[in-house]
Amino acid sequence: MSSSLRGFPAWPLWSSPVVRPSHHPSSPTSASAAPPPSHLGCLSLRGPPPSTPLKSPPKPHLPLAGVATPPTPITPTQPTTWCPPVCLTRGPTSSRRKRWGGTTYFYTDNTPAPMAGMVFPTYHIYPPTAPHVAYMQPKANAPSFFMADELRQELINRHLITMAQLDQSENTGVPSEVDSYHSLFPLEPVPPPNRLQKTSNFSYITSCYKAVNSKDDLPYCLRRIHALVFSYDFHAGAETMFSRHFNDPAADSYFTKRKWGQHEPTPPRQHAGLLPESLIWAYIVQLSSALRTIHTAGLACRVMDPSKILITGKTRLRVNCVGVFDVLTFDNSQTNHVTLMPQYQQADLISLGKVVLALACNSLAGIQRENLQKAMELVSINYSSDLKNLILYLLTEQSRLRSVNDIMPMVGARFYTQLDASQMRNDVIEEDLAKEVQNGRLFRLLAKLGTINERPEFQKDHTWSETGDRYLLKLFRDHLFHQVTEAGTPWIDLSHIVSCLNKLDAGVPEKISLVSRDEKSVLVVTYSDLKRCFDNTFQELQQAAVGPL
């Protein structure tokens with residue numbers, strides 16, 4: 001059950017952040033005792049690869065690598081059989097506890113024990129795109145180590161719509177609170193008070209809002225039948241099937257203008273403005289699945305209509321306003337309401353047939369009684385006999401009660417096609433998630449580094465950030481972000497930043513040279529030394545934060 005976003009205005013999208021160089025240049029050199037592992041690869045910004053400075057760390061060749069912190073320090077002679085950072089033991093299942101900020105957290109470790117002879121590297125590698133996903137989509141001009149732009153835009157769009165609020169000073173007709181809901185935002189155009197019209201579905205004046213429940217702070221969709229308010233799950237960015245497929249006056253021109261009954265060549269379906277049959281079957285599988293779930297529970301949908309079917313993403317369907325008719329038509333004088341359910345379920349199947357026929361005709365005019373023969377002729381010409389037989393079965397009166405399960409033989413192997421498409425979509429999303437799985441760890445690392453660098457004062461010591469371990473971390477910050485070429489131009493390479501952060505997180509024994517900003521001092525340190533400085537310094541800050549200064 002969902003919300004209707006029909007007529008919702010378009011929202012601007014945030015663009016990718018722009019990397020701007022700092023005004024503090026430095027010219028570090030890389031003095032590594034041993035070359036970095038070949039796994040530590042390159043991650044470049046969009047566009048052509050950045051120019052490499054003559055005095056820059058050696059850059060590897062394979063895809064981006066990530067480093068996870070082992071539970072204990074690792075030396076070159078120590079075995080590297082360790083579990084991910086969250087794992088404190090190698091038992092099959094154990095309950096662990098850890099104190100953080102004065103609070104004790106309990107969790108269960110389900111990480112399986114390593115097999116005998118299993119060896120892990122001292123770093124975690126960002127997983128490359130799986131072959132079955134890489135070859136199922138068009139290849140981009142350049143490799144990407146982040147989620148696809150289309151998915152990112154869709155998620156950002158949903159977030160913007162979810163966070164949208166209304167200016168109460170300009171919309172005094174919308175209440176600020178309704179029961180336990182607040183921050184109401186209209187999801188449909190609100191008609192003026194003197195032009196309220198009844199909807200064709202419920203025969204009541206209706207309006208739809210997004211609102212936040214004060215009990216759980218989650219957004220919901222409020223469908224108001226002026227007198228009643230129904231609360232549904234909120235799906236940001238959804239649109240109705242009516243607005244996507246039937247809101248264009250030119251879309252049904254093929255159905256309304258064709259001279260039926262004459263022997264004229266039939267144009268191909270793709271040139272006639274009709275929907276692909278694969279898309280119609282995708283809708284049939286989802287809608288019949290929804291009806292099957294509802295009917296199995298002994299209930300009826302009663303709102304199988306294009307204006308009450310929501311589409312999220314490309315083809316994901318949800319049924320909106322379920323249960324409204326059950327409340328509006330409730331008759332307390334009836335002793336047994338269950339006896340009417342078979343009748344309502346049969347009406348659901350007829351409504352499903354009308355929706356499928358309208359999709360096949362790409363016109364709501366096709367489901368009108370006087371146009372049924374013309375609509376079925378169009379289906380016969382442009383679509384398979386299975387689709388025609390399914391529509392006839394749903395719309396034709398039967399001597400026995402029909403079930404939604406009866407249409408399964410007509411769907412046939414197309415069910416597996418939709419299942420495969422769903423699984424492929426899931427694989428693509430998982431691959432995009434895998435690209436971002438290490439970003440949270442690197443962000444926490446940067447956040448800790450930011451709390452240490454350039455701290456104006458700590459425990460009344462104004463030079464705290466410029467001395468000792470903190471000075472090394474300051475130079476490391478310059479090594480990360482402020483490198484320049486020999487010509488003095490900023491060198492911006494995201495792969496260098498990510499690679500160095502991962503090495504710091506793992507504390508690898510690789511050496512780097514840190515150059516002061518006046519270029520008079522050069523310090524050669526290992527990442528394990530920097531990690532020790534980093535951990536000790538942040539622990540000092542933590543202790544001061546929770547205790548008295």
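- Taking CZ of Phe234 as the start and CG of Leu218 as the end, the distance is 12.0 Å to the nearest 0.5 Å.
- Judged by distance alone, with hydrogens and angles left aside, the side-chain atoms of Asn502 form a donor-acceptor pair with the main-chain N or O of Val498 at under 3.5 Å.
- Around atom CZ of Phe415, no more than 12 heavy atoms belonging to other residues, nucleotides or ligands sit under 6.0 Å away.
- To the nearest 0.5 Å, atom OG of residue Ser169 and atom CG of residue Asn171 are 8.0 Å apart.
- Note on ring orientation: taking the six-membered ring where Trp is involved, the planes of Tyr220 and Tyr181 are perpendicular (angle over 60°, cut-offs 30° and 60°).
- Between Ser288 and Val404, some side-chain heavy-atom pair lies under the 4.5 Å cut-off.
- The two atoms that bring Ala282 and Gln418 nearest to each other are CB-OE1, 3.0 Å, heavy atoms only.
- To the nearest 0.5 Å, the span separating CG on Leu228 from OG1 on Thr206 amounts to 12.0 Å.
- In this structure a side-chain-to-backbone donor-acceptor pair under 3.5 Å is present from Arg402 to Leu394.
- Note: Ile309 CD1 to Phe242 CZ = 12.5 Å, rounded to the nearest 0.5 Å.
- Within 6.0 Å of OH on Tyr416 lie no more than 12 heavy atoms contributed by other residues, nucleotides or ligands.
- Atom OG1 of Thr312 is separated from atom NE2 of His235 by 7.0 Å, given to the nearest 0.5 angstrom.
- The pair Asp233-Arg318 fails the salt-bridge criterion, with no side-chain N (NZ, NE, NH1 or NH2) lying under 4.0 Å from an Asp/Glu carboxylate O.
- Within a 6.0 Å sphere centred on CZ of Arg292, other residues, nucleotides and ligands contribute 12 heavy atoms or fewer.
- Side-chain contact between Val324 and Tyr232: present, with at least one pair of heavy atoms (C-beta onward) separated by less than 4.5 Å.
- Taking CD1 of Ile294 as the start and SG of Cys301 as the end, the distance is 4.5 Å to the nearest 0.5 Å.
- Looking only at distances, no side-chain donor or acceptor of Arg414 sits under 3.5 Å from a matching main-chain atom of Val285.
- Smallest separation of non-hydrogen atoms from Gln286 and Leu317: OE1-N, 2.8 Å.
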Item to check | Test log, rule side chain to side chain contact (heavy atoms under 4.5 Å, CB included), inputs Phe185 and Ile161 | outcome: CA-CA 10 Å; Phe185 186 89; Ile161 296 174; over 6 Å; no
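- Side-chain N or O atoms of Asn371 include one that pairs as donor or acceptor with a backbone N or O of Ala365 at under 3.5 Å.
- Here the closest heavy-atom approach between residue Tyr283 and residue Lys314 is recorded as OH-O, 4.2 Å.
- Side-chain contact check for Tyr383 versus Ile280: some heavy-atom pair is nearer than 4.5 Å.
- Within the 4.5 Å cutoff, the side chain of Asp493 has no heavy atoms near those of the Gln483 side chain.
- At least one donor-acceptor pair under 3.5 Å links the side chain of Ser214 to the backbone N or O of Ser180.
- Between Ile284 and Met410 there is no side-chain heavy-atom pair separated by less than 4.5 Å.
- Two residues are said to be in side-chain contact when any heavy atoms from C-beta on lie closer than 4.5 Å; His245 and Leu279 meet this criterion.
- For Glu277 (side chain) and Ser384 (main-chain N/O), a donor-acceptor pair under 3.5 Å exists by modelled atom type.
- Nearest heavy atom pair, residue Gly366 against residue Leu372, reads O-CD2, 3.7 Å.
- Of the possible polar contacts, one joining the Ser351 side chain to the Ala347 backbone as a donor-acceptor pair under 3.5 Å is found.
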Next on the checklist: Walk me through whether Asn320 and Val303 qualify under side chain to side chain contact (heavy atoms under 4.5 Å, CB included).
Outcome noted: CA-CA 8 Å; Asn320 189 24; Val303 285; over 6 Å; no
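- Checked by atom type and distance alone, the side chain of Ser499 never pairs as donor or acceptor with a backbone atom of His496 at under 3.5 Å.
- With Asn426 contributing its side chain and Ser422 its backbone, the two residues share no donor-acceptor pair below 3.5 Å.
- Judged purely by atom type and a 3.5 angstrom limit, Gln345 has no side-chain atom pairing as donor or acceptor with the backbone of Ser403.
- Listed here is the closest heavy atom pair of Met341 and Gly298: CG-O, 3.5 Å.
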Item to check | Audit row: Lys354, Met304, side chain to side chain contact (heavy atoms under 4.5 Å, CB included) steps and yes/no | outcome: CA-CA 9 Å; Lys354 291 181 178 180; Met304 187 61 62; over 6 Å; no
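- Partner of Ser207 under the side chain to side chain donor-acceptor pair (under 3.5 Å) criterion, chosen from Glu188, His226, Arg224: His226.
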Checklist entry - Which is it for Ile156 and Leu160 under the side chain to side chain contact (heavy atoms under 4.5 Å, CB included) test, yes or no, and what are the steps along the way? => result CA-CA 6 Å; Ile156 291 177; Leu160 289 175; 4.1 Å; yes
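- Pro219 and Thr162 make their closest contact through CG-CG2, 3.8 Å (heavy atoms, listed as atom of the first residue, atom of the second, distance).
- With a 4.5 Å cut-off on side-chain heavy atoms, Asn362 and Leu274 count as touching.
- In this structure, Thr417 and Ser278 have side chains that are not in contact, with every pair of non-hydrogen atoms separated by 4.5 Å or more.
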